[in-house]
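Remarks on the structure that follows.
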Amino acid sequence: MKYYEYDTDDMIAALATPWGESAIAVIRTTGQGCIEALSAVFNGKKNLGKARPYSMNYGTLKDPGTGKKIDEVIIGIYKKPHSYTGQDMVEIFSHGSMAGITEILKMLHSVGFRDAKPGEFTLRAFLNGKMDLTRAEAVNEIIKSKSTKAMDLALQRLSGTVFNRINHIKNLVAEILSEIEIQLDYAEDEADPEASLDKEKIEKAIALLKELSFTYRVGKIIQDGVSVVLAGKTNAGKSSLFNLFNKTERSIVSEYHGTTRDYIESFLLIGGIPVKLYDTAGLRNSDNPVEALGIKKSIEIIEKSDIILYLIDGSVGLDNDDISLMNSFDSKKLIKIWNKADIALEKSPDDFIDISALTGEGFEELETEIEKRIGTDKFEISDSVVIDSERQKNLIDEALMALSNSIVSIKENMPLDLIAVDIKEALDNLGEITGEVTSSDILELMFSNFCVGK
């Protein structure tokens with residue numbers, strides 16, 4: 001079956017390294033006849049067609065029309081079926097000159113290669129049985145990882161942890177369906193589902209799926225991260241704390257009120273979790289239209305954020321405006337901070353964290369509290385089967401719904417053939433997670449999110 005509009009056996013090529021000047025560049029090719037096509041434009045000690053699999057071959061590439069030397073390269077040969085795509089593959093290691101890369105790609109076009117589309121190498125690996133869809137998704141997750149935790153989890157999925165768990169559950173469900181089908185084929189009388197079906201097996205499958213579904217929140221946080229916003233009135237010390245988080249003078253700090261007229265954002269890691277941190281305009285009534293617009297934008301960001309760090313200027317103290325603002329926020333997202341603790345005029349309330357953005361006092365305690373609010377502080381990577389794919393989460397939940405419906409049907413003594421419909425639906429959903437049951441539209445959508453060359 002062809003899932004895309006183009007042939008999945010023809011020759012494709014793509015730059016696998018980032019576009020730009022570099023020490024070396026890697027251009028990947030695959031498809032039927034790719035080794036022979038490269039042989040025609042390669043000058044080396046031996047013909048590439050006779051090169052050993054997994055060998056590296058030094059030589060030069062030439063323009064097929066003029067015979068002009070394009071670049072000195074090393075050619076890696078990978079023969080089917082023992083390659084990434086399951087097809088013959090050739091990887092060209094060239095100098096990282098943008099002009100040279102352009103010439104090599106032009107040469108490849110002239111000998112029959114076309115440009116690879118996003119994810120097409122991994123798509124061919126899937127179609128040729130080199131990996132299931134959970135591993136294919138893990139490839140993309142590795143590339144997009146923003147932290148070592150995300151990388152570790154994606155590597156686990158690539159090694160087959162999700163596939164093995166889904167396969168185990170799928171086998172349980174398949175056993176249940178086979179029991180029903182046997183009874184439907186050979187039962188002389190109408191079977192009693194309550195007595196004839198192993199409900200414990202269905203309940204075990206439900207429990208395992210629930211456990212996997214619950215990991216999505218953790219997986220999504222580790223992969224995508226959370227948004228943390230600094231909020232408070234003017235001169236509460238938000239910009240100073242923003243700079244402390246970033247360990248650099250990113251935000252302007254001034255004794256004058258209303259210095260921050262718009263939000264500033266940065267990316268950092270807290271406890272190994274990617275965090276997008278926002279410094280926002282001080283919350284107050286302002287007649288200045290520019291500042292007022294900045295405050296409006298700040299409120300929008302605060303409302304959408306995962307965690308709100310609300311700062312009180314400890315040298316001034318708490319007033320009714322602060323209390324009103326904090327009460328307007330979601331308490332589950334709110335962390336109250338008593339800033340300028342080194343010069344505070346009074347002791348902070350019990351539910352505040354004392355810090356000094358100037359000296360760093362209390363900063364570690366604040367980071368620890370943020371980790372707790374994120375909810376991954378007790379999470380251990382080892383032995384964990386975690387999903388972060390929305391596609392997988394939706395299919396797991398659909399399988400859960402189908403199996404739960406089957407339990408209800410059994411209790412209500414519904415006919416076995418109707419129960420079989422729910423069990424079969426759950427089995428199909430699980431098969432779609434790994435790719436055994438997959439439509440062309442889903443594959444098109446999934447692999448189009450990959451980068452070109454992967």
Side-chain angles (χ1 to χ4, degrees), residues 18 20 141 143-152 218-284 290-291 293-313 325 329-330 333-341 353 355-377 388:
E141 288 156 7
I143 295 168
K144 294 182 176 180
S145 294
K146 299 183 182 75
S147 67
T148 53
K149 275 188 177 180
M151 182 82 173
D152 290 343
V218 171
K220 200 66 178 166
I221 286 174
I222 290 174
Q223 183 64 259
D224 294 344
V226 296
S227 60
V228 177
V229 63
L230 301 173
K233 294 197 297 189
T234 57
N235 273 24
K238 298 184 296 299
S239 295
S240 296
L241 183 56
F242 184 82
N243 290 338
L244 182 60
F245 270 112
N246 287 282
K247 299 178 176 61
T248 185
E249 297 296 317
R250 279 286 313 279
S251 197
I252 296 172
V253 176
S254 168
E255 62 186 35
Y256 296 104
H257 289 265
T259 304
T260 304
R261 296 289 180 91
D262 199 354
Y263 68 87
I264 302 170
E265 62 184 77
S266 70
F267 171 83
L268 50 99
L269 295 174
I270 296 179
I273 303 299
V275 169
K276 184 173 277 191
L277 181 69
Y278 294 91
D279 179 19
T280 61
L283 301 176
R284 65 172 181 170
V290 176
E291 185 182 359
L293 182 59
I295 293 169
K296 182 182 177 183
K297 284 185 178 180
S298 295
I299 292 172
E300 290 174 359
I301 290 169
I302 291 168
E303 289 174 347
K304 292 177 182 177
S305 66
D306 298 303
I307 295 174
I308 303 167
L309 307 183
Y310 191 90
L311 277 71
I312 298 293
D313 182 347
L325 281 166
F329 302 139
D330 184 346
K333 300 197 298 185
L334 184 64
I335 297 177
K336 301 174 184 178
I337 298 172
W338 196 260
N339 190 28
K340 306 182 185 179
I353 296 174
I355 72 162
S356 169
L358 182 64
T359 66
E361 174 191 341
F363 185 67
E364 287 186 11
E365 183 185 349
L366 174 58
E367 285 193 310
T368 300
E369 181 60 27
I370 292 171
E371 285 185 58
K372 288 179 182 176
R373 293 298 180 94
I374 291 171
T376 60
D377 55 314
D388 70 358

Specify the closest pair of heavy atoms between Phe242 and Glu265, including all atoms of both residues, with the distance to one decimal.
CZ-C, 4.0 Å

Go through the steps to decide whether Asp306 and Val228 satisfy the test side-chain contact (heavy atoms from CB on, under 4.5 Å), and finish with yes or no.
CA-CA 6 Å; Asp306 298 303; Val228 177; over 6 Å; no

If the condition is salt bridge (Lys or Arg N to Asp or Glu O under 4.0 Å), which residues does Asp330 pass it with, not counting sequence neighbours?
none

Tell me, with the steps shown, if Glu369 and Arg373 meet salt bridge (Lys or Arg N to Asp or Glu O under 4.0 Å).
CA-CA 6 Å; Glu369 181 60 27; Arg373 293 298 180 94; 3.0 Å; yes

Side chains of Asp388 and Glu141 in contact at under 4.5 Å (non-hydrogen atoms)
yes

To the closest 0.5 Å, what do you measure between NZ (Lys238) and OH (Tyr310)?
8.0 Å

Find the distance between CG (Leu244) and CG (Asn339) and round it off to the nearest 0.5 Å.
9.5 Å

Heavy atoms only: give me the nearest Ala231-Ile302 pair and the separation to one decimal.
CB-CD1, 3.6 Å

Not counting sequence neighbours, which residues clear side-chain contact (heavy atoms from CB on, under 4.5 Å) with Thr148? List them please.
none

Nearest 0.5 Å, please: how far is CD in Gln223 from OG in Ser147?
7.5 Å

Is any side-chain heavy atom of Lys146 less than 4.5 Å from a side-chain heavy atom of Phe267?
yes

Quick one: pull up OG in Ser239 and CD1 in Ile264 and give me the separation to the nearest 0.5 Å.
6.0 Å

Hey, is the main chain of Ile312 close enough, under 3.5 Å, to the side chain of Lys336 for a donor-acceptor pair?
no

Tell me, yes or no, whether the heavy-atom count around Lys220 atom NZ, taken from other residues, nucleotides or ligands under 6.0 Å, exceeds 12.
yes

Can you check side-chain contact (heavy atoms from CB on, under 4.5 Å) on Ile355 and Glu361, steps first, answer last?
CA-CA 5 Å; Ile355 72 162; Glu361 174 191 341; over 6 Å; no

Looking only at non-hydrogen atoms, find the nearest pair between Ala357 and Gly237 and report the distance.
CB-O, 4.3 Å

Under the side-chain hydrogen bond (donor to acceptor under 3.5 Å, both in side chains) test, which residues partner Lys333, sequence neighbours left out?
none

Students often mix this up, so state it plainly: with edges at 30° and 60°, are the rings of Phe245 and Phe363 parallel, tilted or perpendicular?
perpendicular

Check Lys304 against Ser227 and note the closest heavy-atom contact, atom names and distance.
O-OG, 4.1 Å

Residue pair Leu277, Leu230: steps toward the side-chain contact (heavy atoms from CB on, under 4.5 Å) verdict
CA-CA 8 Å; Leu277 181 69; Leu230 301 173; 4.2 Å; yes

Might you work through the side-chain contact (heavy atoms from CB on, under 4.5 Å) test for Leu241 and Leu366, ending with a clear yes or no?
CA-CA 11 Å; Leu241 183 56; Leu366 174 58; 4.2 Å; yes

Mind checking whether Leu309 and Val229 have side chains closer than 4.5 Å, heavy atoms only?
no

Matching residue for Ile370 among Ile353, Ile270, Ile273 - test: side chain to side chain contact (heavy atoms under 4.5 Å, CB included)
Ile270

Atom pair CD (Glu367) and CG (Leu269), whose distance is rounded to the nearest 0.5 Å
10.5 Å

To the closest 0.5 Å, what do you measure between CD1 (Ile308) and CD1 (Ile337)?
11.5 Å

Taking all non-hydrogen atoms of both residues, which atom of Lys233 and which atom of Leu325 are closest, and how far apart?
CG-CD1, 4.4 Å

